[in-house]
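Structure, as structure tokens:
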Amino acid sequence: MADSGSVSSSSFDSASIATVDQNAVRGRMSGVGGQALSDESSRSWRDVFWSFVFIIHLISVGFVLVVLGLNRFKKSNRLQIDKYTNTIMENRVGLTEDYWPLYALAGGVGSLLGWTWLFLLGSFANHVMKISVHILTTYLAVISVLCFWGQLFFWGVAFSIGAGLQFLYVISVIDRLPFTLLVLQKAVKMVSGLPEVIKVAYAFMIVMLLCMGVWSFGVAGIVASSMGDGGRWWLLVVFSISLFWAGVVFCNTLHVIVSGMVFLVLFHGGRESSSMPSKSLMKASRYAVTTSFGSICYGSLFTAPIRTLRWEIRGIRSKIGQNECLLCCVDFLFHLVETLVRFFNKYAYVQIAVYGKSFNRSARDAWELLQSTGVEALVAYDCSGAVLLMSTIMGGLTAGTCSGIWTWIKWKDKVSMVACTATLMGMVLVGLAIVVVESAVTSIYICYAEDPLLIQKWDAEFFNQISEMLHQRLQHRSARAREVLTGNRFDSRREVLEQA
């Protein structure tokens, strides 16, 4: 009884201390936020090395892609490159213009889906996200059946596994979806009230589409080349990684711009407020593509894969049950990923947008802010990032399917190459449209952690809902902690008794 009372007392004291620290941090960060927003002289170039790496990478990759595309444009082996690939020649020769229209279709479908999503942002965005969550599993299963029917057994198995993992993930987080959709609804409300941000997203998609014109020109030249399938696939993988990095950099640059605008709107009580800085969108855009661009390039290398791995591990971990061996292995991966998240997380981009810090410092400060205020428990419960990723994947698969069907009609042996790369194009374009909502979500959480009154002034009902959910999650964690402490003490007493 005495031990039980001490555990409860300890938990109560810890909760009280956490509450005091939370209030102190919120008050301090609110004051610092006001100073940072008004002090432009504190901006300096950060992570410059990575901006140079990214720019050099773009120039180098662009040059190689143009060369590969021109080598097969209207004339076979125009630049006499085939003499370097004689050892791996095994397929017939094609032309760049044979395959370039297939990628034009993928780019057109991806752009159409992204622009439509932005156009319907204020009215049907939540419905689109709900549909993506529930239909993605079915869509993956249908594609796997089509792959088996077309004797593409590897891709049939891959899409079957993807459908199974998607189904298991949705089942594991089904209880979190109502709160997730609530947060997304409020994020959509915020972004739809900033039409200038939507225009910037349109502009980013146009620029990305122009870059994809060069990328797809070179990739079409690779597919049409005289190299064997092995050589083609290696080149496609390399250039796909390049496109992925470029796409993530574009998305995160837009993320920084939107985050800065949302933070300013919440901090100043509305975009029409007299205290709102003049030309705020122009300043946020200038910071994103100049002083903070290196930090964006650096963070874009790691945040996307780490976030995806974190979602999967959290979903699996919550449904393991009493399997201690499996739970031990998953816990090891969980703690490893959580350590990485401390240094690479999407909330860093809000700190970059507002304070102009380096990426590592922004990620560390953002994560410490969320943990010290307890909001990290709310972030861990929220699945908005995963839901938005599902919408992105759905858009990419739609673009890939359209190009894949056309390729199947003309060249059945090129379906895998064209469909995979076309899917990546669609995902990048749709992701650029969807990132505006994700930026609003991250900004809302950071603002709530720094000063809850910012959210209360913006939407009192949402403030009450998010505060109630935070209270529930902290209670849940406290109960889990008491359970672990009680279990450890019971095991210790049992060991003592056995030794006696």
Side-chain angles (χ1 to χ4, degrees), residues 55-115 150 152 205-247 250 396 398-429:
I55 292 171
I56 293 171
H57 146 264
L58 276 187
I59 295 173
S60 303
V61 169
F63 174 77
V64 174
L65 286 169
V66 170
V67 170
L68 291 173
L70 285 175
N71 189 57
R72 292 288 170 183
F73 187 67
K74 293 187 178 181
K75 181 181 177 181
S76 177
N77 199 24
R78 177 189 296 271
L79 303 178
Q80 302 297 316
I81 294 179
D82 283 358
K83 61 183 178 181
Y84 300 108
T85 60
N86 286 334
T87 57
I88 50 177
M89 291 176 63
E90 54 185 56
N91 289 322
R92 67 178 179 82
V93 176
L95 296 175
T96 299
E97 59 265 29
D98 293 337
Y99 301 97
W100 205 15
L102 303 175
Y103 291 107
L105 175 63
V109 171
S111 300
L112 179 62
L113 291 174
W115 288 338
L152 301 171
M205 291 184 66
I206 293 173
V207 174
M208 191 70 232
L209 195 59
L210 294 174
C211 294
M212 283 186 174
V214 177
W215 184 85
S216 59
F217 180 73
V219 169
I222 293 172
V223 177
S225 69
S226 61
M227 287 186 291
D229 286 346
R232 286 192 183 95
W233 274 113
W234 275 112
L235 285 176
L236 289 176
V237 168
V238 170
F239 289 118
S240 293
I241 293 173
S242 172
L243 177 63
F244 177 78
W245 187 24
F250 270 70
T398 303
T401 302
C402 293
S403 295
I405 292 174
W406 190 5
T407 308
W408 173 264
I409 296 172
K410 300 183 70 174
W411 302 284
K412 293 184 179 180
D413 59 325
K414 301 296 190 297
V415 173
S416 298
M417 295 181 184
V418 174
C420 289
T421 46
T423 298
L424 179 59
M425 290 178 63
M427 287 180 61
V428 170
L429 289 168

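Side chains are part of it too, since the values below use all heavy atoms of this structure and drop only hydrogens, waters and symmetry mates.
Partners of I206 according to the side-chain contact (heavy atoms from CB on, under 4.5 Å) rule, which considers only residues two or more places apart in sequence or in another chain, are W115. Annotation: ring-ring contact (aromatic ring centres under 6.0 Å, His included) contacts of F217 (sequence neighbours excluded): F73, W100. The side chain to side chain donor-acceptor pair (under 3.5 Å) search around T407 returns none, not counting sequence neighbours. Remark: S416 pairs with W155 by the side chain to side chain donor-acceptor pair (under 3.5 Å) rule, at least two apart or across chains.
Looking at L102 and K414, their side chains never come closer than 4.5 Å, going by heavy atoms from C-beta outward. Residues V109 and T398 form a side-chain contact, since some pair of their non-hydrogen atoms from C-beta on lies under 4.5 Å apart.
To the nearest 0.5 Å, atom OG of residue S216 and atom CG of residue L105 are 11.5 Å apart. A distance of 8.5 Å separates OG of S225 from CG of N71, quoted to the nearest 0.5 Å. If you take OG on S60 and CG on L65, they are separated by 10.5 Å, rounding to the nearest 0.5 Å.
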Contacts table for residues 235-246: side-chain donor-acceptor under 3.5 angstrom, sequence neighbours left out:
{"residue": "S240", "atom": "OG", "partner": "L236", "partner atom": "O", "Å": "2.6"}
{"residue": "S242", "atom": "OG", "partner": "H57", "partner atom": "NE2", "Å": "2.6"}
{"residue": "W245", "atom": "NE1", "partner": "C297", "partner atom": "O", "Å": "3.3"}

Show the atom names and distances, to 0.1 Å, of all donor-acceptor pairs under 3.5 Å that link a side chain in residues 417-425 to residues at least two apart or in another chain.
{"residue": "T421", "atom": "OG1", "partner": "Y103", "partner atom": "OH", "Å": "2.8"}
{"residue": "T421", "atom": "OG1", "partner": "M417", "partner atom": "O", "Å": "2.7"}
{"residue": "T421", "atom": "OG1", "partner": "V418", "partner atom": "O", "Å": "3.1"}
{"residue": "T423", "atom": "OG1", "partner": "A419", "partner atom": "O", "Å": "2.7"}

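Residues I222 and R232 approach most closely at O-NE, 3.3 Å, considering heavy atoms. Heavy atoms only, all atoms of each residue included: L429 and M205 are closest at O-CE, 3.5 Å. For G107 against L209, the heavy-atom pair with the smallest separation is O-CD1, 3.9 Å. Shortest non-hydrogen contact noted between G69 and T96 is O-OG1, 2.7 Å. Contact between K410 and D98 at its shortest, heavy atoms only, is NZ-O, 4.2 Å.
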Going through the checks in order, is the side chain to side chain contact (heavy atoms under 4.5 Å, CB included) test met by V207 and F250?
CA-CA 9 Å; V207 174; F250 270 70; 3.6 Å; yes
